[in-house]
Amino acid sequence: MALVKLSGTLRSAAGGLTELEIDAPNIHQLLLKLAEQHPKLKPVLDRGVSVAVDGEIYRDDRFRPLPAGSEVFILPRMAGG
Amino acid sequence: MPLDATIDPATHKFALVGTRPLRPDGIDKVTGRARFGADASAPGMLVGKILRSPHAHARIRAIDTSKAAKLPGVKAIVTRADFKEGDPGLRDVLHNVMARDKALYDGHAVAAVAATSAAVARKALKLIRVDYEILPHVTDVDEAMKPGAPVLHADMITANVEPAPKKASNIASRCEFGHGDPEIGFKQADLVIARSFKTEATHQGYIEPHACLASVGSDGQGELWVCTQGHYMVRNQCASLLGMDVSKLRVTASEIGGGFGGKTTVFIEPVALALSRKAGRPVKLVMSREEVFRASGPTSSASMDVKIGVTKDGRITAGTAEIRFQGGAFAGSPVEFGAMSAFACYDLEHVKTVGYDVVTNRPKQAAYRAPGAPMVAFAVESVLDELAKKIGMDPIELRLKNAAKEGTRSSYGPKYKRIGLIECLEAARRHPHYKAPLGPNQGRGIAAGFWFNFGGQTCVSLNVNVDGTVALAVGTPDIGGSRASMCLIAAEELGIGYEQVRAIVADTSSLGYNDISEGSRVTFSTGLAVIQAARDATAKLCARAAKTWGIAPDAVVWEKGYAKPASPNAGSFAPLSLADIAKTAGSTGGPIAGHCEVNAEGAGVSFAVHMTDAEVDRETGRVEIKRYTVVQDAGKAIHPSYVEGQYQGGAAQGIGWAINEEYVYGRDGRLQNPGFLDYRIPVASDLPMIDTVIVETPNPGHPYGVRGVGETSIVPPLAAVANAVSAAAGVRLSELPMAPPRVLAAIDAAASRRS
Amino acid sequence: MGEMMSKVKVSTTINGDPVEYLCDAEETLLDVLRDHLGLTGAKEGCGTGDCGACSVVVDGRVVCSCLVLGAEAEGRKVTTVEGLATGDRLHPLQQKFLEFAALQCGVCTPGFLVAAKALLDRNPDPTETEIRFGLAGNLCRCTGYDKIVRAVQAAAAEMRKG
């Protein structure tokens, strides 16, 4: 079970929820379940996101395993100059 | 990264990493031989030129190219009709490359020609008739957000707002980050300061204008030579926009004359390809400097409100920021990164940042070095400076008291791994600059800054040659000396000399996909891929030695350039060098090559602290930078000279942003200063030497501890310079650039307040 | 173009070699060097004389070749970045630019080298301030000028030793 914390940006699309628990083996599954449970999040997730797992920000690696009890943040997809 | 940490970067003695050899592309670049974007030519080549809208906002009723087409020497003309709507993800890119129903900014491309000479192409542009219906325009971010402002896109409904607005506006989206409850935090404060700030749009200002040479045959196969930070991105986007197979478009990255984020998208490349396809001949298209300013991406301009509370003993109790970025005519300003990074240097219990991405009638912004962070750092670090003065605390002490460290929950959410902000602050406090006396009319400013850094898709090939030298192919264009760093890393891993490795930037058909050279990612991720490719090669070299010796492959180890039996039990054999094994490779199993394909992750955030002394001429308002010191965490500096170069270059760009540079728009919505004479970037006589301190707090996500260094260096200077100028002028400067009229007005206003 | 444009015939000396070319009356020396003579070391950064990337020396004076007509080179001596090294021997400025990492992207480097050589030719022992003002017509966006100034100082010292 991972604890997903939603930033203010995502809260409005998730009915004001600030965090929720999702059981997923990896980032890919977690994003699928998140979109399933909160369809309004889907367009945001589809635009591209980075996912922080226990402090490490993953931009691309969708099959990164989620350790039990990990803390997950959905962040904008990283870009730079 | 899933890489066995075989070394401890903090204590490991590197043979080559950390030394300063000459760069492999150096001779070409000091003799004029290096070939940049505009330096290529092809037999039968035509010259391409683009017609641009003179209006800030206009409906394009019709485009008549018939007269131009009849001009002898004109071989192809393209307009919006030649670019089909396709991938919705590239819609804005397409509409920026060539205007559709409306021209959205002064400089927006509306048509292009290819002709036998530049003179003919110029004449042809004058013969194209565009029927414009001029519309009201808006170029200021705050004006664009007002109800009743001219709306650019009839379908733009602000995203991330519930319930969704019913009416279209120029606000593309809202974002929000933070934790705790700032209202509670402000109640705990002894002093709360709230201030508003503005910064103007600035351009990356690379000296080489965008340039490319396109050649497409009637069989649909194409070649493109282009100066870009990401030739794979160019290939994929152009193929999509032109309906070509990705495999049929081969893109070669030229030497690149600066990018700083501005060459991370396509502008002229699809146009050159479309012209070439239509004309059946190669087409060279080069932007003029005026086109670079009017039609390639500057960064956002910003309007920001920041509020911070502190206790008397310097503990920050809460911070909030509302930031509004205009990103030109399309959504996508870096406001989210601005909102995330605003308070990222500090350990706050209560923090909230809200951002708005706003469109205006200006060129679509492009990434510019740590996109979004410098302006927001200007606002936050200015308020902190004022707070420190008011509570009588040393500004570095105030920052140290609140500095983020390992385990701190960042203002954007995740908890930090090992970071080096405290080390940077302490190094700054120890630096002689910090204690040096100031002259009359001088002030000292310090500021901290943060950037995320990231990894990305990376692919590297390393070929072992018959003579024991190594050919290294990477796919990330070298913007600042990265080939030297990659050679150092490969040689370090293989245990051979730096001169024995030659790195090239491969074309898109020779190597798998690579993300753009951006986000301070190259030394981190390409370096990581080079390490893995080298280890892949050494495993194969060991296997060949094992075969030669007739022992098991896992009984052989690679040490300092030699294959050796792993232990006396494995047998007694004289070590074989890389050259020994390479020489016989043809008869021991064929060529030896190492490869790596990876999603590089674990880039590790980085921090910097800048300090500067500014002198203000109270008669004219002119600012002179007298001294400048950069302290930044590099994790591990692979080639320290080029790390210093990144620090110094970021500081210089930030100084320009702080005191000189701005996009100036007239009431007609036209850019007033599209040239280096009126858009003044710092010259040698504007700057002092820029002292650097490389702090090395290893990044746990990289086997050598590397963190990206390219971007963080531009985050603190706006604030550091503003704090220094404010101290020297005796009045807080809250708008950039701090050009003489603005500084003088602030001094005069403060004087009249006092009298 | 419907009508034939008459070309100008020019005889000049470039990097010590006699050169003849035909150019349009409106073509700049920079266009001629780059497009007709294959000397692409000089770069067009602005086309308006503001960036110095196209710097060449004409009869001992540094000029922006984007502001000089090709026809004006008649009878003159032109030196470009391609003329700085002697065979495989780099000019001390070129060597010091490499050693001091005075270039990142390198697109401004040819202009800086040409301007720095002209500076040292007339002032072999310039102060830091003289170097900074002497090179103020050349824009570099990568380096912040620190390493460029140090490289010029080091080259000057070496050239004084002879």
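Because the structure is a prediction, the values reported are computed rather than measured. Lettering follows sequence order; numbering is per chain, from 1.
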key: Residues B/F676, C/T48; criterion side chain to side chain contact (heavy atoms under 4.5 Å, CB included); working and verdict   = CA-CA 8 Å; B/F676 278 137; C/T48 51; 5.8 Å; no
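- Salt bridge absent: B/R20 and C/E99 never bring a charged side-chain N and a carboxylate O closer than 4.0 Å.
- Residues of residues 683-694 of chain B having a heavy atom under 4.5 Å from any heavy atom of chain C, listed by number: B/V683, B/A684, B/S685, B/L687, B/P688, B/M689, B/I690.
- Heavy-atom distances place both the backbone and the side chain of B/L677 under 4.5 Å from chain C.
- The parts of B/S641 that come within reach of chain C are both its backbone and its side chain, each placing non-hydrogen atoms under 4.5 angstrom from that chain.
- By the 4.5 Å heavy-atom criterion applied to side chains, C/Q104 and B/Q646 are counted as neighbours.
- Proximity to chain C is absent for every atom of B/E290, based on heavy atoms less than 4.5 angstrom apart.
- Among the candidates C/C46, C/G41, C/P110, C/G47, the residue making the largest number of heavy-atom pairs closer than 4.5 Å to chain B is C/C46.
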task = Would you sort out whether B/R289 and C/E44 count as a salt bridge (charged side-chain N to carboxylate O under 4.0 Å, His left out), showing the intermediate values?
result = CA-CA 9 Å; B/R289 178 56 54 182; C/E44 180 165 321; over 6 Å; no
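- Contact count versus chain C (heavy atoms, under 4.5 Å) is highest, among B/A652, B/A118, B/G645, for B/G645.
- For the atom pair C/L98 CG and B/R23 CZ, the distance stands at 8.5 Å (nearest 0.5 Å).
- Only the side chain of C/A53 comes within contact range of chain B, with at least one heavy atom under 4.5 Å from a heavy atom of that chain.
- Take B/E255 and apply the side-chain contact (heavy atoms from CB on, under 4.5 Å) test, not counting sequence neighbours, and it matches B/D25, B/K29, B/A34, B/F36, B/R483.
- With respect to the salt-bridge test (charged N to carboxylate O, under 4.0 angstrom), the residues C/R141 and B/E661 qualify.
- Atom-to-atom distance recorded for B/I479:CD1 and C/C142:SG is 8.5 Å, nearest 0.5 angstrom.
- Heavy-atom contacts from other residues, nucleotides or ligands closer than 6.0 Å to CZ of C/F133 number 12 or fewer.
- Neither the backbone nor the side chain of B/Y647 comes within contact range of chain C; no heavy atoms are under 4.5 Å apart.
- The main-chain N or O of B/V30 is found under 3.5 Å from a side-chain atom of C/Q94 such that the two form a donor-acceptor pair.
- Residues C/Q95 and B/L22 form a side-chain contact, since some pair of their non-hydrogen atoms from C-beta on lies under 4.5 Å apart.
- The OG atom of B/S41 lies 8.5 Å from the CG atom of C/D35; values are rounded to the nearest 0.5 Å.
- Using a 4.5 Å cut-off between heavy atoms, B/S288 makes no contact with chain C at all.
- Contact annotation for C/L84: neither backbone nor side-chain heavy atoms come within less than 4.5 Å of a heavy atom of chain B.
- Residue C/I148 does not touch chain B at all, counting heavy-atom pairs closer than 4.5 Å.
- The number of heavy-atom neighbours closer than 6.0 Å to CZ of C/R160, taken from other residues, nucleotides and ligands shown, is above 12.
- The contact between B/Y206 and chain C is made entirely by backbone atoms, counting heavy-atom distances below 4.5 Å.
- Each of C/L103, C/T129, C/L135, C/T109 has some count of heavy-atom pairs under 4.5 Å with chain B, and the biggest count is that of C/L103.
- Using a 4.5 Å cut-off between heavy atoms, B/I655 makes no contact with chain C at all.
- Comment: B/D39 engages C/K43 in a salt bridge, judged by a side-chain N to carboxylate O separation of less than 4.0 angstrom.
- Using a 4.5 Å cut-off between heavy atoms, C/F97 contacts chain B through its side chain alone, with no backbone atom that close.
- Across B/G26, B/G480, B/G205, the residue that shares the most heavy-atom pairs under 4.5 angstrom with chain C is B/G205.
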